[in-house]
Undergrad: 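What follows is a single structure, and I will ask about it in a moment.
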Amino acid sequence: MTGETRRTPGASGLEVCPQDLRLDKLRSAMGERSLEALLVSHPANCRYLSGFTGSPGTLLVTEGDAYLLTDFRYLEQAAIEAPVCRIERVGKRQGETLGRMARENGLERIAFEKDSLTFGGWERLKEALPEVELVPTRGIVESLRAAKEPAEIEKIEHAVRVAEQAFLAALEEIRPGLRKGVTEREAAWKIEQEMRRRGATRPSFDLIAASGPNSARPHARPSDRRFQAGDLVVFDLGAVVDGYCSDLTRTAVVGRPDPRQEEIHDLVLRAQAEAFKGLRAGISGGQADALARRVIADAGKAEAFGHGLGHGVGLEVHEEPRLAEDVEEPLPAGCVVSVEPGVYLGGWGGVRIEDLVVLTEGGCRILGSLDRDLMVLDY
Ligand code: ZN
Ligand code: ZN
């Protein structure tokens, strides 16, 4: 096993890169917990702290250094993308490299991310580091990631724009074919194509186009069901652009909406508007959730809103913080969260409206500009 260590150029420059600041923040968070070293194995956390976008990477952060462990296929990429790190080449056994680093740095305890290490990974680590105490941790980097930097918010806004424009373009293609019969799967694929055409590297999750009774299932998979006149259709879509995700939902009706469809859509829209009015940094995830839930409960539909109001969005499409009844922690300023109330009535259909907002001390700002009215797909 070779253990090439090289300090890559760029780290000594005068400009401070975001990763330097993030590592500083991480080290203070580690200090508060008396952790001298943290092994970061969750890919999004690794990317956030190092800048490295390749998949096989593990980061060991100590008080004085950050070591990026990767194999020879990624050495060049790592050196370019992660100038704040010492690049460590690993072979088949990452544990041996870690063992050597622990000895060289005199590490007696190494913390690890228990939600991303597999049981097998933990066993190998234990075997490779018999002298080292392994400390399980959860959510340290995730809570740093929750509050976004201005440049991150710009990237998310870009991903929102791509999703919105792709959605509108796809609808233009879908409309003329409605009478001949467009399937959910075809609609989802059109949206994905339009997103990629506009610079998305991939969708941020498997896109949802749920029609008729399927729209009552919040996470329906696109099927071969054809859109029919009178259907409610829930479109839930997101794009990954430059590593950052968007997440957007609109509900449409095929043909003329009936009064009940209009009524339920209006209810969900009012619930979302109430949330926009009351959302701000400092309130808890539970208080945020209640802003919209109250409106739906007052209309006697509490049972029909069976999921939380929203979730953080950034490098991952579901990340911290959560907007849900059981969350007591205050929402940090700068967090980007989805606001997505929904009403789902089995056998009839569902309505969900989802937008992303960034929270400030004084309120929230909506990212994106797509109209929220019930969309009508002429039939
Ligand atoms: Zn969504
Ligand atoms: Zn969402």
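For this chain, numbers begin at 1 and follow the sequence in order. Counting starts at 1 for both ligands and their atoms, in listed order. Just so you know, these numbers use all the heavy atoms, side chains as well, and skip hydrogens, waters and symmetry mates. Since the model is a prediction, treat every value here as computed from it, not as a measurement.
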Undergrad: Is the distance between the Zn ion (ligand 2) and the nearest N/O/S atom of E354 smaller than 2.8 Å?
TA: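 Under 2.8 Å: E354 contacts the Zn ion (ligand 2) through an N, O or S atom.
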Undergrad: To make sure I understand the geometry: which N, O or S atom in D247 is closest to the Zn ion (ligand 2)?
TA: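 Nearest N/O/S atom: OD2.
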Undergrad: Are E184 and R221 close enough, and set up right, to give a side chain to side chain contact (heavy atoms under 4.5 Å, CB included), and what steps lead you there?
TA: CA-CA 9 Å; E184 296 174 347; R221 274 177 182 277; over 6 Å; no
Undergrad: Which atom, counting only N, O or S, brings E340 closest to the Zn ion (ligand 2)?
TA: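 This residue's closest N, O or S atom turns out to be OE2.
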Undergrad: Would H318 count as a contact for the Zn ion (ligand 2), in the sense that one of its N, O or S atoms lies under 2.8 Å from it?
TA: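 No - counting backbone and side chain alike, H318 has no N, O or S atom under 2.8 Å.
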Undergrad: In D236, the N, O or S atom nearest to the Zn ion (ligand 1) is which?
TA: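 Distance check against the Zn ion (ligand 1) picks out OD1 in D236.
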Undergrad: Contact between L267 and K301 at the side-chain level, heavy atoms closer than 4.5 Å - yes or no?
TA: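 Yes. Closest side-chain heavy atoms under 4.5 Å.
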Undergrad: Taking the six-membered ring for Trp, are F205 and H318 ring centroids under 6.0 Å apart?
TA: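 They do not qualify: ring centres at least 6.0 Å apart.
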Undergrad: Inspect the contact between K126 and E123 and indicate whether a charged nitrogen and a carboxylate oxygen are less than 4.0 angstrom apart.
TA: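 So E123 does not pair with K126 through a salt bridge.
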Undergrad: Could you grab the distance from atom OG1 of T360 to atom CG of L279, nearest 0.5 Å is fine?
TA: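 Going from the OG1 atom of T360 to the CG atom of L279 covers 10.0 Å.
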